[in-house]
Every structure is written in C-alpha cells, then in structure tokens.
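Worksheet: one structure, shown below.
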Amino acid sequence: MSLQNDLTQKVIEAVKQLYQVDLPTVEFQPTRKDFEGDITVVVFPMLRHVKGNPVQIGTQIGEYLVEHVDEVSKCNVVQGFLNIVIEDSYYLDFFNSVADETDFGYVKSQSNDAVMVEYSSPNTNKPLHLGHIRNNLLGYSVAEILKASGKKVYKTQIINDRGIHICKSMLAWQKFGKGETPESSGLKGDHLVGKYYVAFDKAYKEQIAELVESGTPKEKAEKEAPILLEAQEMLRKWEAGDEEVVALWKKMNGWVYDGFDITYKNLGVDFDTLYYESDTYLLGRDVVKDGLERGIFFKKEDGSVWIDLTEEGLDEKIVLRSDGTAVYMTQDIGTAIQRVTDFPDINGMVYTVGNEQDYHFKVLFLILKKLGYSWAEQLYHLSYGMVDLPSGKMKSREGTVVDADDLIKNMEDTAESISQELGKLEGYSEEEKKQLYRTIGLGALKYYILKVDPKKRILFNPEESVDFQGNTGPFIQYTYARIQSILRKADNVGSSAVETSLELHEKEKELLKQIQLFPETVQLAAENYSPALIANYTYDLVKEFNSFYQQVSILGETDDQKKNFRVQLSKKVGEVIQSAFRLLGIDVPERM
RNA sequence: GGUCGCGUAGCUCAGCUGGAUAGAGCAUCUGCCUUCUAAGCAGACGGUCGAAGGUUCGAAUCCUUCCGCGAUCACCA
C-alpha cells in the first residue's frame with residue numbers, strides 16, 4: 001500500500017518535471033499476468049491533463065521512475081499501460097517486516113466505539129435449519145471481521161420466546177405429549193418441541209377440514225378452529241402471568257435452549273449477551289409517546305399512531321395500535337434504545353436478518369434517525385438471500401427443511417468417508433480422527449455458504465453433496481496441512497530474518513504480493529460486511545501457494561538461504577490462512 | 001401496481017473506486033505420484049456478461065427503458 005503511495009508521489013513528480021502539469025491522481029492496477037511487471041500505471045486518465053501520445057508519455061514517465069525510484073528496476077509500456085517491475089529487495093523487506101508479526105492483517109489497537117452484532121435470533125418453537133446456519137455463519141463471521149478491523153464488538157441475539165407460535169407447540173405438547181421429555185424420548189430438546197409444533201399444525205388443519213366439511217366457509221374455519229382458539233387463550237394467560245402456563249413455557253423453552261446450545265457449540269458460534277423478547281416486547285411505547293409529542297409521529301382518528309415517510313419515498317407506517325399495544329416495529333425501536341442504555345459505548349449495530357425484512361429495517365433505521373439518536377447513523381442491516389431447496393422454500397410446519405443438526409452430521413460423515421478412502425491418518429487416535437472429520441466437514445459447509453455474496457440466494461440441493469475439491473474449505477485446509485507437514489520436516493526452522501539480496505522466484509514474488517494484500521482485504525471485508533471477500537482472498541492465496549509448491553522445491557533446495565526463506569514463506573502463508581479462516585469461523589487441521 | 005434485490009460458461013460462483021484478449025471451481029477430455037501430503041499441479045473444451053439504447057478514449061461495471069426470477073408493500077411476528 002505504501003508502495004503505491006510512494007509511486008503516486010513519484011509519478012506526479014515525474015509529470016511535473018516532464019510536462020509542468022499537476023496531476024490530481026494516479027490510477028494503478030495490478031499488472032496482468034501476461035505482461036512483465038508488478039504494478040501498472042494507467043496512462044489514459046492523464047491525457048486530460050497532458051496532451052500527447054499515451055505510449056510516449058508512459059515511456060517517459062517510466063524512464064523517470066527507473067532513474068529516481070530505488071524500488072523500480074525497469075518499466076515497459078503496452079498501449080496506454082505503464083508496467084513497472086519492482087525490485088525483489090522491496091518484497092523481501094516487506095517479508096522481514098511482517099515475518100514475526102502475530103495476527104498479521106488484524107488491527108491491534110481497539111477503537112473506543114463498539115458495535116453490536118445481532119444474529120441467529122430464532123423462535124423457540126422449533127429446531128434450527130439451514131437458513132439459520134447461513135444467518136449464524138454470516139453474523140459470527142462479520143463480528144469477527146469487525147473485531148479484526150479494530151472495532152470492539154458485542155455479539156448478541158434476540159430470542160423470540162413469546163407469542164402465538166410458542167403457545168402452539170406448548171398446547172400440542174399438553175394435548176398429545178403424554179408427559180414426554182427430552183430424557184424420556186431421547187430427543188434433543190429443540191427437536192422435541194419442534195415435533196409438537198408440527199403436531200399442532202396437523203391437528204389445526206384437520207379441524208379446518210372438518211369444519212369445512214360441515215359447511216363452514218374456509219376463512220371462517222381458519223379463524224375458529226378450536227385448537228387455534230385454545231392457543232390464543234393460552235397466549236392471553238401467558239401475558240396475564242398465569243402460573244401454570246408460565247411454568248410450562250419455562251420448562252419447554254429450557255428444553256429448546258439446551259438443544260440450541262448444542263447446535264451453536266457444534267457450529268462454533270457464540271454470543272456475548274442475550275436479549276429475550278419476553279423481556280423486551282413491552283419496550284418502545286414510551287418512546288413512541290414521546291415522539292408523538294415532539295411531532296415525529298401522528299395520531300389517527302382511531303387512536304393508532306403512525307409515522308409519515310412519504311417524503312423519503314416510503315409510505316405511512318404504524319408504530320402503535322389503536323388499543324395502545326405495540327407492533328413489531330415498536331419493540332425494535334425500544335430494544336435498540338435499550339441496548340445502547342445497557343452498553344453505552346455502542347455506536348452502531350448490525351442486524352443479521354434475511355432480505356425479506358429489508359423494508360422493515362429501512363423504516364426502523366429512518367425512525368431512529370428521526371428520533372435523533374446519534375448512533376442511528378451507524379446501523380446496518382446485514383441482509384442475506386434465502387436458502388432455497390430445489391423444491392422451493394423451506395417450511396418448518398410442513399417439514400420441508402434441512403435440519404441444522406442433520407446437515408452438520410452429514411458433512412462430518414462425508415468428511416469421514418473421504419478421509420478413510422485416502423487413508424493418510426495412521427497414528428491418529430479415534431478421538432483425533434473424529435475431531436478432524438468435524439473440522440473438515442464443517443469447513444466445507446461454512447466455506448460453501450460464506451464464499452457467496454450475502455445478497456444472493458443460495459440454492460441448496462441436499463441430493464448433491466457439498467464439494468470437497470476445488471474452491472472449497474477442505475481444499476484450503478488441505479493446503480494448510482501440507483504446509484504444517486513441511487514445517488514438521490524442516491526440523492530446524494531457521495531464523496525468520498531473510499537476506500534481502502536473494503533473487504526471488506516468480507512464484508515467490510506472487511505469493512509475497514498476495515500476502516501483502518491481506519490487511520487491506522480485512523479492512524475491505526469489514527467495510528462491506530462481507531466474509532465472501534475473505535473467502536475469495538484465501539482461495540487466491542492458496543492457489544498461488546499450491547502452484548509454488550508444485551514448481552519449487554522447498555526442503556530439497558540446496559542453498560540454505562533460499563531454503564530457509566521458502567520455509568519461512570510457507571510458514572507465513574500458513575499463518576495467513578489460519579488468520580483468514582478464523583474470520584470465517586473455520587478451523588485448520590495439522591494433518592489431513 | 002409501487003419499492004428493493006438478483007440475472008456473467010451446461011452447473012455453482014469471482015470480477016475492487018469504469019481500463020489491456022471477461023476469471024475460478026464442478027462437470028467432460030489430456031498429461032503429472034520411486035522426490036516436501038494427487039482433497040494437489042499443468043493444460044484443453046466451454047461466454048452476443050438477460051435485451052436494447054445512452055455517457056466515455058474505454059462499459060459486465062455508470063444512466064434510461066424493457067424482459068425474467070425473488071422479496072416486500074398487514075392494527076402478523
């Protein structure tokens with residue numbers, strides 16, 4: 001990066017000397033592989049300021065640079081592109097400056113401002129599925145990336161532990177459960193509760209069918225099915241604090257939490273603090289009343305409170321019902337404010353929520369801004385596309401979901417069968433092997449999901465297993481394992497300091513360039529909230545390394561200086577892979 | 001209908017603030033394991049970047065219109 005800054009100065013200087021013109025900016029790009037050079041200056045934009053032939057101008061600037069800049073060894077011009085060759089010593093200096101740096105690429109100093117990242121936020125009436133996996137991986141990874149970019153981060157989730165849907169599974173368990181528990185059934189708690197959520201839906205549909213049979217119109221039947229009325233009654237009791245209902249609610253939610261904990265642990269995600277909707281669902285009403293007085297909201301004849309966003313190109317949005325109760329938006333306003341009260345250093349929040357709620361968050365952010373909160377400028381909706389199956393959308397009630405626990409297990413099994421086929425693990429204990437299959441299986445799954453732009457929809461076909469070759473997690477893990485193997489064999493890993501007079505192999509230079517890009521990639525990923533940038537960077541690095549590995553002998557090198565450098569370089573590549581994958585929440589194995 | 005997002009090779013995806021002949025992986029085909037892990041490397045095949053206009057020295061990228069897919073526009077959460 002500093003090289004580019006230096007060169008910018010020098011090019012401006014050159015143009016000034018040669019043509020007596022001040023250039024505002026200089027445009028760079030990496031040199032295409034088919035030309036000689038490391039960095040390229042694009043001459044075309046200069047033609048606005050300097051009239052003349054681009055090839056001639058490029059050539060003259062090039063000559064100036066060779067003469068006046070130490071790092072520039074030679075130049076060539078193709079059309080309007082000035083390709084600059086940088087001295088090997090520049091790259092070796094760079095290597096020496098970072099060789100011993102731990103967590104290279106991460107910003108070490110932490111800013112005073114914190115950002116809260118919300119993700120996962122499940123309902124407590126059913127187990128997690130593939131959609132939640134995408135949410136969890138994205139949220140966790142973005143949180144880690146923000147940390148690496150120097151931010152203080154709080155990871156949180158809001159657990160949707162109340163409402164009619166929770167009562168549905170409670171009611172169904174009461175009616176059909178016969179006292180079944182996770183212990184008695186051997187089912188994971190969240191799966192047990194999910195089973196009754198499905199059971200409710202089944203009973204509900206049956207009752208509708210019966211009613212329609214006996215002449216009730218369908219719409220009426222849907223509203224009046226006895227089991228639904230019972231669930232609504234249960235919700236009223238819950239809100240009134242009915243002891244029996246609350247006890248049941250606590251018991252069944254406890255089962256779900258136990259189940260979620262296992263899934264989260266398996267996925268490798270965690271949270272710093274938790275919010276429960278049962279605590280926050282009443283928040284926000286005071287703020288709305290206050291905003292009403294300040295004229296930010298307005299009241300309709302029936303007493304409901306609204307905000308007019310037509311000036312912003314949106315429409316009117318309700319924030320309080322006519323009976324004075326809260327809507328979803330009210331809660332979200334209240335919860336956001338509550339969070340800043342709880343953690344006063346917060347100056348920004350990231351909400352990891354599917355793109356079906358784009359509109360909701362647009363409105364929420366606008367309202368918070370209008371209410372005048374300074375942190376409202378720093379809100380970001382980490383919106384991601386749905387994960388669809390070939391059969392269409394996943395629906396828990398209809399059982400057409402890819403269950404999170406099943407999928408994780410599945411990935412581990414695939415990793416196991418591939419590993420056994422390859423049979424490279426002699427000497428590993430059963431426990432170590434199991435751990436490795438998990439690392440690889442999860443690596444495949446996480447990389448598969450994180451490498452694509454969050455905005456895009458993912459079509460997941462359970463019939464076709466996730467790849468383990470090519471642009472995949474295991475490919476990158478494999479490269480890491482290879483490097484560790486070399487380091488084990490290079491018994492005396494020499495000093496990390498490298499002689500800067502070494503002549504670099506083309507592949508070594510490419511690797512150094514790629515390593516140099518890591519810090520800015522982390523920054524870019526943080527700015528864009530995009531783990532995909534980290535994934536793609538890592539893939540490029542690893543491809544470069546494998547090509548190097550194939551062409552250049554490391555341990556077989558007879559020149560000690562060169563051999564030491566190659567070992568050190570490999571070590572550094574391994575460290576960057578590990579750092580990058582840590583940002584994606586993916587582990588790397590010593591062997592595989 | 002309004003708003004937002006997406007549309008790049010048979011499939012899955014990259015392509016930074018506009019730049020040189022649009023890049024990977026999978027799949028298909030060819031080579032490379034008595035030498036550091038072949039979950040690898042090297043190569044072949046494969047494209048009117050949804051369509052048409054426009055801006056520019058220069059467009060997959062920016063603007064307009066249209067087409068296709070999806071989401072959203074509830075006193076639901």
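Order of the sequence lines fixes the chain letters, A, B, ..., with proteins taken first and strands second; residue numbering starts at 1 for each chain.
B:rC67 and B:rA52 have their C1' atoms separated by 11 Å, given to the nearest Å. When the P atom is compared between B:rC11 and B:rU55, the two are found 34 Å apart, to the nearest whole Å. As rounded to the nearest Å, B:rG46 and B:rG10 have P atoms that lie 11 Å from one another. Here, B:rC49 and B:rU8 have their C1' atoms 4 Å apart, quoted to the whole Å. For the C1' atoms, the distance from B:rG25 to B:rG58 is 30 Å, rounded to whole Å. Straight-line distance between the P atoms of B:rC6 and B:rG50: roughly 12 Å, to the nearest whole Å. Annotation: B:rA60 and B:rU48 have their C1' atoms spaced 13 Å apart (nearest Å). B:rC29 sits 30 Å from B:rU37 when the P atoms are compared, rounded to a whole Å.
Here A:Glu590 lies in heavy-atom contact (under 4.0 Å) with a base. A:Pro54 comes within 4.0 angstrom of no nucleic acid atom, judged by non-hydrogen atoms across all strands. Within the nucleic acid shown, A:Val552 comes within 4.0 Å of at least one base atom, counting heavy atoms only. Residue contacts shown for A:Gln477 are absent, as no nucleic acid heavy atom lies under 4.0 Å away. Counting any heavy atom pair closer than 4.0 Å across all strands shown, A:Thr40 reaches a base atom. Nucleic acid contact class of A:Lys424 (heavy atoms, under 4.0 Å, all strands): base. Among the protein residues, A:Leu422 comes within range of the nucleic acid bases, having at least one heavy atom under 4.0 Å from a base atom. At a threshold of 4.0 angstrom between heavy atoms, the contacts of A:Leu524 with the nucleic acid are absent. Using a 4.0 Å heavy-atom cutoff across all strands shown, A:Asn461 reaches no nucleic acid atom at all. A:Glu27 comes within 4.0 angstrom of a nucleotide base, judged by non-hydrogen atoms across all strands. Within the 4.0 angstrom heavy-atom criterion, base atoms lie near A:Arg48. A:Met386 comes within contact range of no nucleotide atom at all, as no heavy-atom separation falls under 4.0 Å. Among the protein residues, A:Asp388 comes within range of no part of the nucleic acid, since none of its heavy atoms lies under 4.0 Å from any strand.
When each of A:Asp161, A:Asn253, A:Asn160 is paired with A:Thr124, the side chain to side chain donor-acceptor pair (under 3.5 Å) condition holds for A:Asn253 and for no other. Screening A:Val77, A:Ile39, A:Asp38, A:Asn76 against A:Asn83 for a side-chain contact (heavy atoms from CB on, under 4.5 Å) leaves a single residue, A:Asn76.
Rounded to an integer number of Å, the gap from CD1 of A:Ile449 to C1' of B:rC13 is 14 Å. Spacing between atom CD of A:Glu544 and atom C1' of B:rA42 amounts to 14 Å, rounded to whole angstrom units. Going from atom CG of A:Asn76 over to atom C1' of B:rA20 covers 12 Å, rounded to whole Å. Atom CD1 of A:Ile486 and atom C1' of B:rG40 are 12 Å apart (whole Å).
B:rC33 adopts a syn glycosidic conformation, its chi angle falling within 90° of 0.
Here B:rG70 is the nucleotide among B:rG70, B:rC57, B:rG40 with the atom lying nearest to any side-chain atom of A:Arg457. For A:Glu356, whose side chain is taken as the heavy atoms from C-beta onward, the closest listed nucleotide among B:rG19, B:rA71, B:rU37 is B:rA71. Comparing B:rA20, B:rC36, B:rA39 by their nearest atom to the side chain of A:Ser553 picks out B:rC36. Between B:rA20, B:rA77, B:rA38, one nucleotide has an atom nearer to the side chain of A:Arg482 than all others, and that is B:rA38. The side chain of A:Val452 sits closest to B:rA14 out of B:rG19, B:rA39, B:rA14. Taking the side chain of A:Asp315 as heavy atoms from C-beta on, and the options B:rG19, B:rA38, B:rC73, the nearest nucleotide is B:rC73. Distances from the side chain of A:Tyr328 to the nucleotides B:rA14, B:rC36, B:rA77 place B:rA77 closest.
Under the 3.5 Å distance criterion, with hydrogens and angles disregarded, a donor-acceptor pair is assigned to the side chains of A:Tyr384 and A:Asn135. With 3.5 Å as the limit, one finds a donor-acceptor pair spanning the side chains of A:Asp358 and A:Ser383. At a cut-off of 3.5 Å, with distance as the only test, no side-chain donor of A:Thr558 or A:Lys563 sits close to an acceptor on the other residue. A donor and an acceptor atom, one from each side chain of A:Asn355 and A:Arg457, are nowhere located under 3.5 Å apart. Between the side chains of A:Asp587 and A:Thr439, not a single donor N or O lies within less than 3.5 Å of an accepting N or O.
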Quiz item: If the sugar-phosphate is the primed atoms plus P, OP1 and OP2 and the base is the rest, what is the B/S/- string for nucleotides 23-33 of chain B, using protein heavy atoms under 4.0 Å?
Solution: SSSS-------
Practice problem: Kindly determine whether A:Arg32 and A:Asp34 satisfy salt bridge (charged side-chain N to carboxylate O under 4.0 Å, His left out), including the steps that lead there. | Solution: CA-CA 6 Å; A:Arg32 284 182 70 102; A:Asp34 14 327; 3.8 Å; yes
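Side-chain contact between A:Val288 and A:Phe297 is present, with heavy atoms from C-beta onward closer than 4.5 Å. Looking only at side-chain heavy atoms (C-beta outward), A:Tyr537 and A:Phe518 come within less than 4.5 Å of each other. Residues A:Thr472 and A:Ile476 have side chains not in contact (no heavy-atom distance under 4.5 Å, counting atoms from C-beta outward).
Looking at RNA chain B, the stems built from 3 or more consecutive Watson-Crick or G-U wobble pairs, each pair with its key distances under 3.5 Å, are B:1-7 with B:67-73, B:10-13 with B:23-26, B:28-32 with B:40-44, B:50-54 with B:62-66.
The backbone N or O of A:Phe81 lies less than 3.5 Å from no partner atom in the side chain of A:Gln79, so there is not a single donor-acceptor pair.
Between A:Ser547 and B:rA42 there is a side-chain polar atom (N or O) within less than 4.0 angstrom of OP1 or OP2. Contact between the side-chain N/O atoms of A:Arg488 and the OP1/OP2 oxygens of B:rC36 is not found at any separation under 4.0 Å. The phosphate of B:rU72 (OP1 or OP2) has no side-chain N or O of A:Tyr359 nearer than 4.0 angstrom. Listed pair A:Arg321 / B:rC76 meets the phosphate criterion, a side-chain N or O lying under 4.0 Å from OP1 or OP2. Taking only side-chain nitrogens and oxygens, A:Lys456 never comes nearer than 4.0 Å to OP1 or OP2 of B:rG70.
Lacking a ring centre under 5.5 Å from that of the base six-membered ring together with a plane angle below 30°, A:Phe475 does not count as stacked on B:rA39. Judged by ring centres under 5.5 Å apart and planes tilted less than 30 degrees, A:Phe81 stacks against the six-membered base ring of B:rA20.
Geometric assessment of A:Lys317 against the ring of A:Trp306 yields a negative cation-pi assignment under the 6.0 Å and 45° thresholds.
Counting only residues at least two apart or in different chains, ring-ring contact (aromatic ring centres under 6.0 Å, His included) contacts with residues 541-560 of chain A comprise A:Phe545-A:Phe548.
Checked by distance alone, A:Ser419 brings a side-chain donor or acceptor within 3.5 Å of a matching partner on the base of B:rA39.
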